[in-house]
Protein chains: 2
Amino acid sequence: MARTGHTAGTPRCSISAVMGLRERKKLEAWRTIRSTALRLISERGFDAVSVEDIAAEAGVSRTTFFSYFPTKEAVAFDLDPQALAEWRERVATDTDDRPLWPALTDLYVDMATVLAEWLPVQKRVLQQHPGLTQSARATCDTFAPDLYRWISRRTPDGDRLLTSLLLNASMAGYITALEVWDPADPLDVLLDSVRTCLHRVGAGLAAPEHSPSTA
Amino acid sequence: MARTGHTAGTPRCSISAVMGLRERKKLEAWRTIRSTALRLISERGFDAVSVEDIAAEAGVSRTTFFSYFPTKEAVAFDLDPQALAEWRERVATDTDDRPLWPALTDLYVDMATVLAEWLPVQKRVLQQHPGLTQSARATCDTFAPDLYRWISRRTPDGDRLLTSLLLNASMAGYITALEVWDPADPLDVLLDSVRTCLHRVGAGLAAPEHSPSTA
DNA sequence: CCCAAAACCTGAACGCAGTACAAGTTCTTA
DNA sequence: TAAGAACTTGTACTGCGTTCAGGTTTTGGG
């Protein structure tokens, strides 16, 4: 959103043809509010910026702000609607011909890729304000339902415990990679880390290498 | 706190001898506020109870409420100071002679045991108000630092990624067991579930049984 | 037993998040 | 181009969380 200039007048490919004026304006407003918010928060810190500040700076009323974002934290952590739609498309059209765990790993890598642009900013905000860790997890909860459906589609025995376990454990791997990642590092480092974490969880954490007495 | 009557005048063992009057009153106030809050929330639902209601019903001022609990959600999810202290004692005095993963599993089982009394209530509140799932995770964050230290003590190579991964993945197992547990079931069901989940995570979730194409 | 210091409780006032609603404005569609 | 749907806005309200000055209770030393 900073480097590439497709924020306002540069619609990408055929999307603007499909979307009406109304929908385009909405997306534009969403992005204006978000980027304004991230800028102010980066400058002053999360607590020192009020919703009123953000709304005013974005040229919109406080009421409108809350029609776009349910909470103040959401403006920092919600996913771009278009990026989310793209990722959902990938998940929905995913073929079932690969083993579950590697395929699941790729979905997380895709997600990190989709989020690439603003992930460093989010990370920096979190570093400055650790109390928001919960909100960061809430970001994951946005796509958790999609992943749950995807997983349960592939565990036909209907084992709810197993399905939830696969979801939560894989997400733990993803979150761990995010936690340890330094936003100054390039994205590839994060992606490798995601793969590593997911692989380790998949391979089993009780493996001999981690148990001192059985090494 | 309901069945056994050690709330007020029946101090258990030597604890009251160690604690001064001041400290004893504090703990008592803490428990009065908490139980009052849980009662009201169970009756009316989380959103329909204000902090003012709870404070009034507990015979304490609103300001005092916030001196005991940082937020309204905390009154439903914070851990009993004494129970927390007992668990911390167990963690600190734990011997290092067993393999990591089974020992870690036991710590989670211990935790569930310590929380046994109010876990069903908490679970019911969450069922009625799914929006509080985040707060439930915040409960885990209370003892996350202790677990982190415990784990890193046993991963001497100082691998931060591995340490965090062990923490997050094991916690995912614990949370999964909690999620799937029905509060109407006895505690043993939960404890078994915790053990099962942790064991599966430890054994590796990418095992053949879960991968359709390699089965 | 008494007195000072410390810890605690309280009421009042404040800022801000989030909601509800009625009135106005802009886009759509027929 | 007109009816209607969708969006925006100002206003008013509830309730969370903080601050602070002043009163009360506990503690510990003399």
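Residue numbering restarts at 1 for every chain, and letters A, B, ... go by the order of the sequence lines. Just so you know, these numbers use all the heavy atoms, side chains as well, and skip hydrogens, waters and symmetry mates.
- Under the rule for a salt bridge (Lys or Arg N to Asp or Glu O under 4.0 Å), B:Arg124 has no partner lying at least two apart in sequence or in another chain.
- For residues 173-190 of chain A, there are no salt bridge (Lys or Arg N to Asp or Glu O under 4.0 Å) pairs, not counting sequence neighbours.
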Completion exercise
Reading nucleotides 16-29 of chain D from 5' to 3' and marking B where a protein heavy atom lies under 4.0 Å of the base, S where only the sugar-phosphate is that close, and - otherwise, the string is BBBBB----BBS--
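- Applying the salt bridge (Lys or Arg N to Asp or Glu O under 4.0 Å) definition to pairs two or more places apart or across chains, those involving residues 51-61 of chain A are A:Arg39-A:Glu57, A:Arg44-A:Asp53.
- One can place CD1 of B:Ile33 at 11 Å from C1' of C:dC9, the figure rounded to the nearest angstrom.
- For the pair B:Ser61 and C:dT10, the criterion of a side-chain N or O lying under 4.0 Å from OP1 or OP2 is met.
- Close to D:dC7, at under 4.0 Å from its OP1 or OP2, lies no side-chain N or O of A:Ser67.
- Computed from coordinates, the B:Asp47 CG to C:dA20 C1' distance equals 16 Å when rounded to whole Å.
- Whole-Å rounding puts the B:Leu27 CG to C:dC8 P distance at 13 Å.
- Residues satisfying the salt bridge (Lys or Arg N to Asp or Glu O under 4.0 Å) criterion with A:Arg88, sequence neighbours excluded, are A:Asp146.
- The aromatic rings of B:Trp30 and B:Phe69 lie tilted to each other, with the angle between the two planes from 30° to 60°.
- When heavy atoms are screened at a 4.0 angstrom cut-off, A:Tyr68 is found touching the sugar-phosphate backbone but no base atom.
- For B:Asp110, the salt bridge (Lys or Arg N to Asp or Glu O under 4.0 Å) partners two or more places apart in sequence, or in a different chain, are B:Arg90.
- Rounded to a whole Å, the CZ atom of B:Phe46 is 12 Å from the C1' atom of D:dG15.
- Comparing D:dT9, C:dC8, D:dT8 against the side chain of B:Lys26 picks out C:dC8 as the nearest.
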